[in-house]
A.B. asks: 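Below: one structure in structure tokens.
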Amino acid sequence: MSKKKKHEDHEEHVDESWLIPYADLLTLLLALFIILFASSQIDSKKYDSIMRSLNNAFTGGEAPFASSNLIPINDAANSTKNNNSNQNPPTKQESHVDSQLAAKLQKEEKDLQELKKSMDAFIKDNGLAEQLTTKLDQDKLTITISDKALFDSGSATIKGEAQQIAANMRNLLAQYPNYQVEVAGHTDNVPINRADFETNWDLSAKRAVNFMKILLVNPQLQPSLFSSIGFGEYRPVADNATPEGRAKNRRVEVSILRSVKASDAIAQ
């Protein structure tokens with residue numbers, strides 16, 4: 001009877017030897033996902049830290065893949081980049097393109113500086129400092145004209161006394177005829193609702209078009225390089241809460257655009 005009981009107990013014992021490889025598999029999968037996650041983050045310190053932790057967990061100490069011959073991710077990327085740059089020096093064609101780009105950038109800077117200087121001289125000589133301003137940045141040369149210098153209130157018709165401003169500007173632009181020019185109209189936020197202008201958009205757009213047409217009277221200027229746009233009240237440069245702010249917002253901007261920018265040259 002006793003032998004039979006022992007035999008039954010032996011038969012009910014479950015073989016659990018499969019748990020060992022199963023646990024090892026789970027551990028390896030966990031290690032794999034941790035390594036993949038660490039590799040996806042361009043952070044060499046985090047990568048090295050995880051490698052050391054895994055080595056200690058698996059071997060209780062330093063392992064071969066954690067030794068000093070391990071190259072951090074950033075260093076490896078920089079090394080590859082440097083090797084590629086050393087192995088692939090700029091060709092003559094690339095060097096020629098870079099030189100052309102630099103020369104064009106230098107010429108445009110010279111042209112726009114000269115144009116700004118000439119416009120500033122005209123403004124000073126005619127006492128127009130309160131009505132016209134110029135600004136040169138990395139994208140364009142912008143000439144800003146107060147609306148009162150060009151138009152009567154609520155009108156898009158160029159005033160007679162504004163013809164001198166337009167004539168001087170188109171003659172200066174004719175000296176640099178290969179640049180794209182954008183004429184933009186702006187208003188304040190005071191609503192307008194008239195038969196000819198239902199909104200400030202309509203007024204600003206018509207003012208921009210009319211001033212552009214006067215500039216294009218000079219046959220040396222190419223109409224294909226000109227464009228006009230009306231921004232209405234939506235590009236203010238001052239607070240519309242004050243009369244002074246609203247006056248600054250009512251303006252026409254003539255922008256001479258660069259075709260090459262410093263960022264383009266640096267990218268090359």
Side-chain angles (χ1 to χ4, degrees), residues 101 104-123 126 128 131-152 154-188 192 196-237 248-264:
L101 192 63
K104 190 172 183 180
L105 178 65
Q106 186 176 12
K107 180 182 183 303
E108 285 193 354
E109 182 65 24
K110 180 175 179 291
D111 288 349
L112 295 182
Q113 288 282 5
E114 290 177 350
L115 180 54
K116 183 181 187 303
K117 184 178 179 181
S118 298
M119 196 68 210
D120 287 342
F122 170 76
I123 293 171
N126 291 274
L128 297 172
Q131 301 179 47
L132 280 81
T133 60
T134 63
K135 179 183 178 182
L136 179 61
D137 58 30
Q138 62 180 2
D139 297 320
K140 58 193 173 182
L141 168 63
T142 302
I143 303 169
T144 301
I145 313 169
S146 170
D147 76 322
K148 65 180 181 181
L150 301 176
F151 312 100
D152 291 323
S155 171
T157 302
I158 307 293
K159 295 193 295 188
E161 54 267 34
Q163 295 294 332
Q164 182 185 6
I165 295 175
N168 179 269
M169 191 174 297
R170 64 178 173 243
N171 290 338
L172 288 176
L173 291 175
Q175 299 176 31
Y176 310 94
N178 298 319
Y179 288 88
Q180 291 190 22
V181 178
E182 179 184 274
V183 183
H186 302 265
T187 68
D188 58 27
I192 186 173
D196 44 354
F197 306 115
E198 293 183 2
T199 67
N200 283 324
W201 258 326
D202 299 311
L203 176 60
S204 63
K206 188 63 176 176
R207 283 180 169 182
V209 169
N210 286 350
F211 192 70
M212 182 183 68
K213 287 179 178 178
I214 288 191
L215 294 179
L216 288 173
V217 167
N218 191 318
Q220 292 179 276
L221 297 175
Q222 305 176 55
S224 60
L225 295 177
F226 278 68
S227 62
S228 68
I229 186 170
F231 288 108
E233 65 203 67
Y234 299 105
R235 298 289 179 90
V237 293
K248 290 181 179 180
N249 291 331
R250 297 190 300 268
R251 67 198 189 278
V252 169
E253 293 178 341
V254 180
S255 299
I256 299 89
L257 309 180
R258 297 180 188 266
S259 61
V260 180
K261 300 175 184 176
S263 57
D264 297 333

A.B. asks: Answer yes or no: is there a donor N or O on one side and an acceptor on the other, between the side chain of Glu233 and the main chain of Asn200, under 3.5 Å?
C.D. replies: no
A.B. asks: Supply the atom-to-atom distance Arg251 CZ to Thr142 OG1, rounded to the nearest 0.5 angstrom.
C.D. replies: 10.0 Å
A.B. asks: Taking all non-hydrogen atoms of both residues into account, name the closest pair between Ser228 and Val209 and its distance.
C.D. replies: OG-CG2, 3.2 Å
A.B. asks: Do other residues, nucleotides or ligands put more than 12 heavy atoms under 6.0 Å from Lys159 NZ?
C.D. replies: yes
A.B. asks: Which atom pair, heavy atoms only, marks the closest approach of Ala162 to Ala149?
C.D. replies: CB-O, 3.3 Å
A.B. asks: Can you confirm whether Ser259 sits close enough to Lys104 that some side-chain heavy atom of one is under 4.5 Å from a side-chain heavy atom of the other?
C.D. replies: yes
A.B. asks: Check the pair Lys206 / Asp196 against side-chain contact (heavy atoms from CB on, under 4.5 Å), numbers first and verdict last.
C.D. replies: CA-CA 10 Å; Lys206 188 63 176 176; Asp196 44 354; over 6 Å; no
A.B. asks: Between Arg258 and Asp137, is there a donor-acceptor pair closer than 3.5 Å when you use the side chain of the first and the backbone of the second?
C.D. replies: yes
A.B. asks: Within this structure, what is the CE-CD distance for the pair Met212 and Glu182, rounded to the nearest 0.5 Å?
C.D. replies: 11.0 Å
A.B. asks: Would you check if Asp152 and Thr157 make a side-chain contact, meaning some heavy-atom pair closer than 4.5 Å?
C.D. replies: no
A.B. asks: Which value, rounded to the nearest 0.5 Å, describes the distance between Ser118 atom OG and Gln113 atom CD?
C.D. replies: 11.0 Å
A.B. asks: Does Gln106 have more than 12 heavy atoms from other residues, nucleotides or ligands lying within 6.0 Å of its CD?
C.D. replies: no
A.B. asks: Are any side-chain N or O atoms of Asn249 and backbone N or O atoms of Pro236, one a donor and one an acceptor, separated by less than 3.5 Å?
C.D. replies: no
A.B. asks: Any chance CD of Glu198 has more than 12 other-residue heavy atoms, nucleotides or ligands included, within less than 6.0 Å?
C.D. replies: no
A.B. asks: Test your reading of the model: is there a side-chain donor-acceptor pair from Asn168 to the backbone of Gln164, 3.5 Å cut-off?
C.D. replies: no
A.B. asks: Could you check if a side-chain atom of Phe151 sits within less than 4.5 angstrom of a side-chain atom of Ile158, using non-hydrogen atoms only?
C.D. replies: yes
A.B. asks: Any chance you could lay out the side-chain contact (heavy atoms from CB on, under 4.5 Å) test for Glu109 and Leu105, step after step, and finish with the verdict?
C.D. replies: CA-CA 6 Å; Glu109 182 65 24; Leu105 178 65; 5.8 Å; no
A.B. asks: Quick one: closest heavy-atom pair of Ile214 and Ala166, and the distance?
C.D. replies: CG2-CB, 3.2 Å
A.B. asks: What pairs meet the ring-ring contact (aromatic ring centres under 6.0 Å, His included) rule with one or both residues in residues 207-237, with sequence neighbours excluded?
C.D. replies: His186-Phe231, Trp201-Tyr234
A.B. asks: When rounded to the nearest 0.5 angstrom, what distance separates CG in Asn218 from CD in Gln175?
C.D. replies: 10.0 Å
A.B. asks: For the side chain of Arg207 and the backbone of Ser155, is there at least one donor-acceptor N/O pair under 3.5 Å apart?
C.D. replies: yes
A.B. asks: Find out whether Met169 and Leu215 are in side-chain contact, i.e. whether some heavy atom of one side chain is under 4.5 Å from a heavy atom of the other.
C.D. replies: yes
A.B. asks: Would you call Asp120 and Lys116 a salt bridge, taking side-chain N to carboxylate O under 4.0 Å as the test?
C.D. replies: yes
A.B. asks: Take Gln180 and Leu225 through the side-chain contact (heavy atoms from CB on, under 4.5 Å) test and state the conclusion after the steps.
C.D. replies: CA-CA 5 Å; Gln180 291 190 22; Leu225 295 177; 4.1 Å; yes
A.B. asks: Nearest 0.5 Å, what's the CG-CZ distance between Leu203 and Arg250?
C.D. replies: 10.5 Å
A.B. asks: Given side chains that start at C-beta, do those of Thr133 and Ile123 come closer than 4.5 Å, heavy atoms only?
C.D. replies: no
A.B. asks: Can you find a heavy atom in the side chain of Phe122 that is under 4.5 Å from one in the side chain of Leu128?
C.D. replies: yes
A.B. asks: With no hydrogens and no angle check, is any side-chain donor or acceptor of Ser146 less than 3.5 Å from a backbone partner on Gln131?
C.D. replies: no
A.B. asks: Minimum heavy-atom separation for Thr187 and Ser204, please, with both atom names.
C.D. replies: CG2-CB, 3.8 Å
A.B. asks: Quick one: CG on Leu141 to CG on Leu173, what's the gap to the nearest 0.5 Å?
C.D. replies: 9.0 Å
